[in-house]
Amino acid sequence: MIRDQEMMTAFLDTVSSFVREDLIPSEEAVSEADAIPEPIVKKMRDIGLFGLTVPEEFGGLGLTMEEESLVMIELCKASPVFRSLIGTTVGIGSQGILMDGTDEQKADWLPRLATGEVIASFALTEPGSGSDAASIRTSAVRDGDDYVINGTKRFITNAPHAGVFTLMARTNPEDKGAGGISAFIVDAKTPGISLGKNDKKMGQRGAHTCDVIFEDCRVPASNIIGLKEGRGFKTAMKVLDKGRIHIGAVCVGVAERMLDDALNYAIERKQFGQRIADFQLVQAMLADSKAEIYAAKCMVLDAARRRDNGEDISTEAACCKMYASEMCGRVADRAVQIFGGAGYMAEYGIERLYRDVRLFRIYEGTTQIQQIVIARNMVRAATA
Amino acid sequence: MKVLVPIKRVVDYNVKVRVKADQSGVDLANVKMAMNPFCEIAVEEAVRLKEKGVVTEIVVVTVGSKTAQEQLRTAMALGADRAILVETEENTQPLGVAKALKALVEKESPDLVILGKQAIDDDNNQTGQMLAALTGMPQGTFASEVNVADGKVSVTREIDGGLQTVELSLPAVVTTDLRLNEPRYASLPNIMKAKKKPLDTVSPADLGVDLTPRVKTLKVEPPAERQAGIKVASVEELVDKLKNEAKVI
């Protein structure tokens with residue numbers, strides 16, 4: 001749902017100017033330094049990118065899913081590293097509070113998240129549990145008015161920058177499944193939290209992940225999202241459903257960028273006396289990429305609109321995430337192929353994007369997990 | 001103190017424009033439009049003056065089609081307080097626009113008019129000067145620095161071979177050059193807030209001006225394609241060619 005087309009056009013104009021004038025020119029330096037320079041982070045805050053999904057009453061923009069998807073597609077025409085910095089605050093790190101938090105919890109955190117003063121992270125994955133989220137081992141034991149949290153969270157995006165974590169921990173040791181898990185809002189300054197070393201990753205240099213270790217970390221019981229024990233798994237699944245459409249949009253944006261780069265290269269590059277863009281085998285790669293991006297974009301925007309209309313989009317969101325991320329991988333591969341030898345060289349940038357996008361098929365549920373989600377939903381619906 | 005900032009809707013500077021097949025002009029169908037970059041600098045300067053406490057109200061104005069409201073909204077997202085659209089479907093030309101602006105100056109009585117030195121579509125570089133002439137206000141063109149104090153504005157101008165600083169009594173007209181400032185982005189929250197700021201539409205007739213074009217475009221052609229260059233073997237050869245072939249030194 002687009003609430004106001006004129007305003008949306010203005011949003012996208014701002015984002016595309018920022019991408020063109022600030023982000024793309026600094027991509028290489030960000031990758032080299034493994035950090036986004038502070039002046040760019042400040043501009044991201046000033047433009048309002050951290051507050052995209054926070055409701056207007058809490059100082060954000062309250063974008064609909066369709067609007068958020070369009071902004072992501074535009075933003076991700078620059079390296080996905082920039083999106084990563086706002087991604088957890090706009091998405092998985094804040095959505096738990098937004099969807100299931102109490103009014104006090106929202107008022108306490110959302111205004112600071114909207115301005116980018118505080119960055120939110122989502123702490124679900126553990127060394128022993130990834131997509132098998134119901135087998136979480138991090139424990140939260142009630143002690144008076146507090147919970148005492150112990151456990152380790154792994155690969156937590158933006159943990160080194162986070163001011164607050166949405167943490168999934170087991171509050172009921174008797175319930176070994178999903179029902180024993182609660183979602184907590186944990187201030188990153190709480191004693192008992194320590195961070196591991198930044199992970200060395202294949203790509204997305206400039207975006208940071210690390211372990212987050214909780215040792216006798218004492219959190220007030222009033223920090224359970226929605227003040228209800230045992231609802232954490234449901235919260236996490238809702239958050240991830242929305243996140244899957246968001247990642248789909250991210251994949252479309254980066255794929256459009258890579259195809260643009262490949263197309264421009266194919267027009268410039270001459271072999272056998274003509275542009276390689278005029279060779280049919282190169283054209284096949286361009287055309288396949290174009291059509292697949294178009295398909296993914298249609299899927300993302302359709303799922304987004306349905307979500308905005310209040311439909312249950314669990315299956316559609318998984319379809320988007322699966323198709324768009326696999327599409328993005330294929331487009332990356334073809335783009336490198338069109339660049340030929342230059343595609344393998346760091347100087348041309350396309351190999352960096354090729355490494356960056358490999359993550360999309362893995363995080364927030366691998367392709368295989370999406371397949372399971374989709375098929376299970378199908379079987380369940382058919383046999384209900 | 002009130003500032004009037006006239007702006008123009010033009011083809012986005014990143015668009016590679018194409019001449020229409022009938023050579024009547026540039027093809028504008030489905031082309032991305034934006035605020036003229038020099039106008040963005042003018043808006044930014046006005047906003048900075050407001051942030052410094054020198055200016056209390058910024059009125060942004062444009063003469064053009066209804067679609068130019070988008071650029072007025074952008075200017076309000078950047079910090080202008082209200083906007084006026086002089087709505088016309090005519091092909092606007094500097095003299096007509098200057099006359100419309102003169103009428104608005106009489107109505108609004110601004111202390112300062114800041115506008116871009118030229119628009120990147122027609123590159124006329126005339127409207128500011130014409131407005132100054134029509135209103136009798138002093139003008140400081142091609143500004144790279146603007147300071148307002150004690151009823152005067154000091155303008156550092158970019159001129160051939162250096163800088164010239166002039167001091168003008170207010171009210172005055174200032175046109176902005178490229179190096180005056182670096183405009184900010186319209187932030188997304190401010191774009192939302194700009195929707196609630198007032199935008200008035202007036203017709204040229206309301207202002208008592210006639211915007212009928214005075215200048216007729218006979219033909220528009222793309223620039224000649226650049227010829228391939230050559231490599232020279234030495235500085236001597238280069239100097240010789242510049243002197244005797246290109247005749248530029």
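Chain naming here is simple, since letters A, B, ... match the order of the sequence lines and numbering starts at 1 in each. Worth knowing before you read on, the calculation uses all heavy atoms, side chains too, and leaves out hydrogens, waters and symmetry mates.
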K.L.:
side-chain contact (heavy atoms from CB on, under 4.5 Å) with A:T157: which residues, sequence neighbours excluded?
P.N.:
A:S84, A:T88, A:T209

K.L.:
Please look at A:L49 and chain B and tell me whether the side chain, the backbone, both or neither of the residue comes under 4.5 angstrom of a heavy atom of that chain.
P.N.:
side chain

K.L.:
More than 12 non-hydrogen atoms from neighbouring residues, nucleotides or ligands closer than 6.0 Å to OH on A:Y348, yes or no?
P.N.:
no

K.L.:
Looking only at heavy atoms, which two atoms of A:I47 and B:P189 are closest? And how far apart?
P.N.:
O-CD, 3.4 Å

K.L.:
Just how far is it from atom CG of B:L188 to atom CZ of A:F18, taken to the nearest 0.5 Å?
P.N.:
10.5 Å

K.L.:
Do other residues, nucleotides or ligands put more than 12 heavy atoms under 6.0 Å from the CD atom of A:E347?
P.N.:
no

K.L.:
Chain A and chain B: which donor-acceptor pairs fall below 3.5 Å?
P.N.:
residue	atom	partner	partner atom	Å
A:D4	OD2	B:K195	NZ	2.9
A:D13	OD1	B:K32	NZ	2.7
A:T14	OG1	B:A186	O	2.8
A:E21	OE2	B:Y13	OH	2.7
A:D22	OD2	B:Y185	OH	2.3
A:I47	O	B:L188	N	2.7

